[in-house]
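Data first, discussion second: the structure below is written as structure tokens.
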Amino acid sequence: MSKRLQMTAVGLLMAVAPTFAAIPTNDAERAKMDEFVSGLMSKMTLDEKLGQLNLPTGGDITTGQAIESNIGAAAAAGQIGGTFNIKGAQKNYEIQKLAVEKSRLGIPLLIGQDVIHGYETVFPIPLALSCSWDMDAIERSARIAAIESSAGGINWTFSPMVDICRDPRWGRIAEGAGEDPYLGSEIARAMVRGYQGKDNLKGNSDILACVKHFALYGASEAGRDYNTVDMSRLRMYNEYFAPYKAAVDEGAATVMTSFNLVDGIPATENKWLVTDVLRDQWGFDGMVVTDYGSIGEVEIHGLEKLPEASARALKAGTDMDMCSFGFIGTLKQGLENGSVTMADIDKAVRRILEAKYKLGLFENPYKYNDLAREAKDIYTPEHRAEARRIAAETFVLLKNQDGLLPLAKKGTIALVGPLADAANQMAGTWSVAAAHWKYKSLKQGFEDAVGKKAKILYAKGANIESDPVRETAHTWGNDIRDLRSDEELLAEAVAVASKADVIVAAVGEGIEGSGESSSRTDISLPASQRRLLEAMLATGKPVVMLNFSGRPTVMEWEAENIPAIMNVWFGGSETADAVPDVVFGDVNPSGKLTASMPRNVGQIPVYYNHYNTGRPKADDNGVFVPYRTNYLDSRNSPLYPFGYGLSYTDFAYTDFALDNATLGADGAITASVTVTNKGKRAGDEVVQFYIRDVAGSIARPVKELKHFERISLKPGESKRVDFRITPEMLKFYNYDLDYVAEPGDFLVMVGPDSERVETLPFVLK
């Protein structure tokens, strides 16, 4: 037998492996990748090719027994292209080793995980992160997530989720960046940079980003998960597509299709969406993966059965089948009956192998299996400090009557509420790798913050829900439920509050009260917690409400009655320290809403960049005017608008000006404003610029965010903030879906949020 034939599978693979692997940046590198992938594909059987298209979940395996698991056996047999959601460097190494050293060709695996907002160092949920308006911080959060997950053997994250959402009943609004396409696009770019690194995936801490859910998933009807989406293509292009395209433009290596219908066809098998738009119009040449089981759901939508659905999905441009087993189970039959061709299969296989090439897995299959990294790179003091700092930036101060906040570290403070001593609820939804047992409760954080300077008294006061079944849906089961009656819990809280100088109420949703499959028709505070707040107010003591939520919630009663309200979302693993940092004034709150907070569910959808009707109501004063666009029983405006958020200091906007009122087709003009810190505390402000196209060839929104700048100012300090306006940023998709800037009248606006703005006119010639 020749020496070559005696080589192991891994030796054969390494013998033909490239000497350089990363995202190709020039023709020579692309040619090198093509040559390698073509050579490998020429050796593959049909079964091995179909195996590459198969992505089952690993669930969990026992260390040292990977070969005995179904996923291990499939890896050794070359029947999978990857797997996901196995936690642990050793486990992932064992799975990778089976694929590399036991399968015939030794093709390494993609090993993914839902690293949505951190690994063990968990950052605030994505909706909260967006409220920081801090692109550097968001990019750092993704970088740390990549460092930690890659140390656990992960090379692919199913993030960022960039779906625009204007319906807070949809639980997955927690995973996105809110309602605005421009801000969502900037965040999408930052997340991709953080995950994939600055060196085109060369480093062993650079992982593949996966942009999801393509497309329009956040517009599910009635806010019900997995539901139908139906919208015009004008709205798709002008409002919903932007963040996906931005992520693709930034170099995202993979894209995940969505569960919903688009134009009556499931996104996974929608050729117009996946090929015409994503690949042909936007130039995406990476890999497309389905969401969990979506090919298998096509028949349930009322379309074809699994074999036909698999063929249609493949021909639409989908490359990898997550958990439907449609590609590996039916495409051989499709070849025989002519519903797919070998060329169709080869296209998908090539894209998957290219993703592995870009990661450097052919050069070093164990690039992500440095077991020593798991001990030193995960949940480090440095990562935790960054998560704590970033979490504090995301909290949104909604009300602060008479300057109740920040609290002094003195006297007696009553800490009440179902989220006050619930460490395993702090990380928030989709924190699948979280080590909840390592995290503090808010009670511990408050006690640590005040030390001996103040006394913290605690009472739970209420369960999240009176009904244990409803509470289970919020909290991963009854592990935080108090079995005492509502009356007993409330009486204890009143007794504790009577001894305090001030009351801090930690109320809201539980960890699974938002997220996937957590849609709600009632997004107000549960009745048990409302009764707690009423009882606290009845003591006559000042009350601070900390609202834990994964969505905008209805708080009209709270806004009228509670002196101070701060939305703390779910701040991640370091929530317990970050919240007192802000409550006690060590950090000045600076978060701004990225999704409007409705007055009631009847307003939904409510969002700032809406269109005018032919009969707008000019004064939103709550007085009904017949035959105008308004409600009999509510104002039109949200309770708290997009961009809103208070500070412990005051900022003044003055001297708003344009350097020219006319913008030429090839020119630029600059809008400028002076922002001054008028208060006694240093603080950060997010300066927001909006533009309105006054008279377009199609109706245009009343305003659109086009620029923002986060600035830091000391007391008394001023800064001039500039916004350079070019024709490019005035472009939109017209009726024919041409991307154009039309000459005419425009308005530019500046302010601290989308409602409180100053306005100046200019003309595009």
Side-chain angles (χ1 to χ4, degrees), residues 128 131-134 136-137 388-411 413 449-450 453-454 501-502 504 542-547 559 562-569 571 577-594 597 639-657 671-690 707-723 749-758:
C131 292
S132 73
W133 298 59
D134 186 338
D136 289 339
R388 177 176 177 173
R389 189 192 69 76
I390 291 174
E393 284 191 0
T394 69
F395 304 150
V396 182
L397 183 61
L398 297 172
K399 183 181 178 182
N400 195 21
Q401 183 177 312
D402 301 325
L404 176 56
L405 288 173
L407 300 181
K409 295 178 182 178
K410 66 179 184 180
I413 300 166
V450 301
K453 298 177 183 177
D501 303 306
V502 64
V504 177
V543 177
V544 176
M545 175 182 175
L546 302 177
N547 189 46
I562 306 296
I565 304 172
M566 186 160 65
N567 230 75
V568 296
W569 313 104
D577 288 323
V579 171
D581 284 346
V582 178
V583 167
F584 293 112
D586 297 324
V587 176
N588 195 341
S590 57
K592 301 272 192 173
L593 293 177
T594 57
M597 284 201 167
L639 181 63
Y640 297 113
F642 176 85
Y644 178 86
L646 303 177
S647 170
Y648 294 155
T649 190
D650 296 312
F651 298 100
Y653 287 65
T654 57
D655 302 324
F656 182 37
S672 302
V673 68
T674 297
V675 182
T676 303
N677 184 347
K678 293 284 192 179
K680 298 179 180 180
R681 290 176 177 267
D684 287 5
E685 172 69 331
V686 179
V687 183
Q688 302 162 42
F689 288 91
Y690 300 85
H707 181 68
F708 61 89
E709 190 170 332
R710 185 183 172 101
I711 60 173
S712 298
L713 294 174
K714 298 175 183 176
E717 184 180 6
S718 296
K719 182 174 181 180
R720 193 75 177 161
V721 180
D722 295 333
F723 168 36
M749 294 159 257
V750 68
D753 59 58
S754 60
E755 286 192 358
R756 295 178 294 164
V757 294
E758 296 181 60

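Count residues from 1 along the sequence.
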Does the plane of the ring in W133 sit parallel, tilted or perpendicular to the ring in F708? Use 30° and 60° as the thresholds.
perpendicular
Going by heavy atoms in the side chains, are V687 and V750 under 4.5 Å from each other?
yes
So which heavy atom on Y648 is nearest to which on L397, and how close?
CE2-CD2, 3.8 Å
Under the side chain to side chain contact (heavy atoms under 4.5 Å, CB included) test, which residues partner A449, sequence neighbours left out?
P580, F584
Using the test side chain to side chain contact (heavy atoms under 4.5 Å, CB included), find all partners of D136 that sit at least two apart in sequence or belong to another chain.
D134, R140
All heavy atoms of V502 vs all of P542, minimum pair found to be CG2-O, 3.5 Å
Would you please name every residue forming a side chain to side chain contact (heavy atoms under 4.5 Å, CB included) with T649, sequence neighbours left out?
N588, S647, F651, N677, R681
When rounded to the nearest 0.5 angstrom, what is the spacing between CZ in R756 and CD in Q688?
9.0 Å
Do F642 and L593 touch side chain to side chain, with heavy atoms closer than 4.5 Å?
no
List in chain and number order the residues that pass side chain to side chain contact (heavy atoms under 4.5 Å, CB included) with A682, two or more places apart in sequence or in another chain; answer none if no residue qualifies.
P715
Give, for atom OG1 of T674 and atom CZ of F656, the distance between the pair rounded to the nearest 0.5 Å.
11.5 Å
Quick one: side chains of residues 401-411, donor-acceptor pairs under 3.5 Å with protein atoms, not counting sequence neighbours, listed by atom name and distance.
unit_1	atom_1	unit_2	atom_2	d
K409	NZ	D586	OD2	3.1

Of all residues at least two apart in sequence or in a different chain, which pass the side-chain hydrogen bond (donor to acceptor under 3.5 Å, both in side chains) check with S754?
none
E709 vs K719, test: salt bridge (Lys or Arg N to Asp or Glu O under 4.0 Å). Steps then yes/no.
CA-CA 11 Å; E709 190 170 332; K719 182 174 181 180; 3.5 Å; yes
Parallel, tilted or perpendicular: rings of F723 and H707 (30°, 60°)
parallel
Looking at every non-hydrogen atom in both residues, tell me the closest pair between V721 and I711 and how far apart they are.
CG2-CD1, 4.1 Å
From R388 atom CZ to D577 atom CG, the distance as rounded to the nearest 0.5 Å
4.0 Å
